[in-house]
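Keep in mind the model is a prediction, meaning the values are calculated, not measured. Counting convention: from 1, in listed order, for ligands and their atoms alike.
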Amino acid sequence: MKLWGGRFTKETDDKVFAFNESLSFDQRFWKQDIEGSIGHTHGLVRAGILTEEEGDSIIKGLERIYDKFEDGSIDLSGGYEDIHSFIEAKLTEDIGEAGKKLHTGRSRNDQVALDMRMYVRDEIDDIDRELYKIIAVLVIIFEKNMDTYMPGFTHMQKAQPITLAHHIGAYIEMFIRDRGRMADIRRRMNFCPLGSGALAGTTYPIEREYTAELLEFYGPTLNSIDGVSDRDYIIELLSACSTIMMHLSRFAEEVITWNSNEYQFIELDDAYSTGSSIMPQKKNPDIAELVRGKTGRVYGELMAFLTTMKGLPLAYNKDMQEDKEGTFDAIDTTKTCLSLFTEMMRSAKFNKERMLESAKGGFINATDAADYLVGKGVAFRDAHGIVGELVLKAIELGVSLDALPLEEYKKISPVFDEDIFEAIDIETCVNRRKTIGAPGKEALEFELEQYKRYVNSL
Ligand code: ARG
């Protein structure tokens, strides 16, 4: 069963075996292990280390194992240490002697480095697809809500009026950057460690450029020590996943607030809400809360693995087996959260009237009243003071700025005229903001065009 029994005279203690084994979790990359082994076999045949027939028999055997994994008929029992020894043993059981030649010129150190890299590469592509989907859904919401007016907040206080499209656009930007990070990590990590051996390469004349190309890498890694001990790309992925979760968590927090009885800006679909066991009136935003909550564990995986790698001498050390479970968990969590959040947003309904109503309160158009005065020749600092007094007056009378009578305006500054009401109308306030990146219709149309091009270019 073991790959390394020769030097040992005693069986491994059961607890030690259980502590040491990784098959229970590295079976997850059976596919990459088999694909990597097929690539390696081609390399061995090309180098003349295996005959064509041996190569053929190994590849056919590996493909049979692949099919068994795929149809679920593979039996993992038998006390194997890891996915590498399991597959090699099954191959030898199936094809005999030739199976024992597969591991020529290879170590589990470069094998696991290869498997993990190919696995992470596939997952990066998956996460990227999920990011694309959420962007596509947000662009639809953006397009439908270019004249849905709402308050924009700073310090959670109503600040200036914006549109829902503008607010959603901020998240589109975040997820576009997240996709950029995925592409960036993929580009940097896409070099093949196969051929690095245990740490010092191999004496067999294997053409590493050839196997690298077969396995769809840009080329081989250039240092065999680094080849087996580099896990930077995992740390980068965990960091990028943490950033995605941070974005989702901020978004979740807003959805939770918007869904509250006080706000009622959004109504989540029944399929994405849950009830209470005691309070019949409740409809809780559990999905958003769980997304917010799960952010913690993804951050945790990043910190855990950074700590594992800290202080590891070159080259391979068994500590590095700890690169797997946390990474798998972080990847699964990020993908599930992205996909559920996307569907939750796709099915959510926005309460446009409530948002507009809310935008009208809170003296959200005070800046525009000041700008009005500036337009009539008042210096901004003076205008700021005048509008401050106006707000005080409005609070005293218990009205919003647009309900304050013109005489009150004129009492504070004679510059005010009837046209002030047009100037502080919410729609006017928003749509006068038309510089690139602003909430006004004109700016949004420009952005929408870019976002549509972005979504359609895939
Ligand atoms: N299960 C091991 C890991 O994940 C495979 C590599 C084992 N190499 C070794 N020299 N023991 O890291």
Side-chain angles (χ1 to χ4, degrees), residues 1-8 10-37 39-40 62 65 69 74 76-91 100 102-123 189 192-202 215 221 223-235 237-238 301 304-332:
M1 241 78 78
K2 281 196 201 77
L3 297 177
W4 38 263
R7 191 206 177 284
F8 288 74
K10 257 192 183 167
E11 275 302 309
T12 322
D13 181 273
D14 283 352
K15 281 190 200 133
V16 171
F17 178 82
F19 189 63
N20 193 48
E21 71 86 29
S22 55
L23 182 61
S24 55
F25 49 89
D26 63 16
Q27 54 180 274
R28 199 191 256 247
F29 50 59
W30 62 268
K31 203 176 189 163
Q32 288 79 7
D33 193 77
I34 293 176
E35 283 166 359
S37 288
H40 181 59
L62 287 170
I65 298 174
F69 266 106
I74 199 85
L76 291 167
S77 67
Y80 294 93
E81 183 183 339
D82 54 25
I83 190 68
H84 323 295
S85 46
F86 174 78
I87 290 175
E88 191 182 320
K90 291 292 144 184
L91 178 71
K100 295 191 201 160
L102 168 63
H103 210 54
T104 316
R106 182 173 76 168
S107 154
R108 273 189 298 167
N109 296 353
D110 59 345
Q111 187 177 359
V112 76
L114 173 68
D115 293 1
M116 191 64 182
R117 228 177 248 244
M118 294 209 299
Y119 178 82
V120 166
R121 186 174 65 177
D122 289 345
E123 292 293 348
M189 61 93 83
C192 184
L194 185 64
S196 298
L199 82 161
T202 170
L215 297 168
T221 51
N223 179 294
S224 61
I225 297 176
D226 186 54
V228 292
S229 55
D230 167 31
R231 298 291 184 275
D232 289 5
Y233 63 96
I234 296 178
I235 291 168
L237 179 66
L238 291 172
E301 308 300 0
F305 190 54
L306 271 171
T307 312
T308 295
M309 290 303 290
K310 172 190 168 297
L312 284 196
L314 296 174
Y316 178 84
N317 300 271
K318 191 69 175 233
D319 315 44
M320 286 154 84
Q321 181 165 290
E322 285 295 307
D323 64 355
K324 297 179 189 62
E325 290 156 289
T327 305
F328 297 160
D329 181 62
I331 290 171
D332 292 347

| query | So which protein heavy atom does atom 6 (C) of ligand 1 come closest to, and at what separation? | reply | Y316 OH, 3.5 Å

| Charged N to carboxylate O below 4.0 Å: is that the case for E81 and K318? | yes

| field | Under 4.0 Å to a heavy atom of K324 - the qualifying atoms of ligand 1, by number | value | 3 (C), 4 (O), 12 (O)

| field | Nearest heavy atoms of L238 and T327, plus distance in Å | value | CD2-CA, 4.1 Å

| message | Within the 4.0 Å heavy-atom shell around Q321, which atoms of ligand 1 are there? | response | 1 (N), 2 (C), 3 (C), 4 (O), 12 (O)

| task | Cation-pi check, R28 to F328: give yes when NZ or CZ is under 6.0 Å from the six-membered ring centre and within 45° of the ring axis, no otherwise. | result | yes

| query | Which one of L23, N109, D26 has a non-hydrogen atom at the shortest distance from atom 8 (N) of ligand 1? | reply | N109

| remark: Atoms of ligand 1 under 4.0 Å from any heavy atom of S22, numbered from 1 in the order shown, are 1 (N)

| query | Looking only at side chains, do S85 and R108 share a donor and an acceptor under 3.5 Å apart? | reply | no

| task | Could you walk me through whether K324 and F29 pass side chain to side chain contact (heavy atoms under 4.5 Å, CB included), step by step? | result | CA-CA 10 Å; K324 297 179 189 62; F29 50 59; 3.6 Å; yes

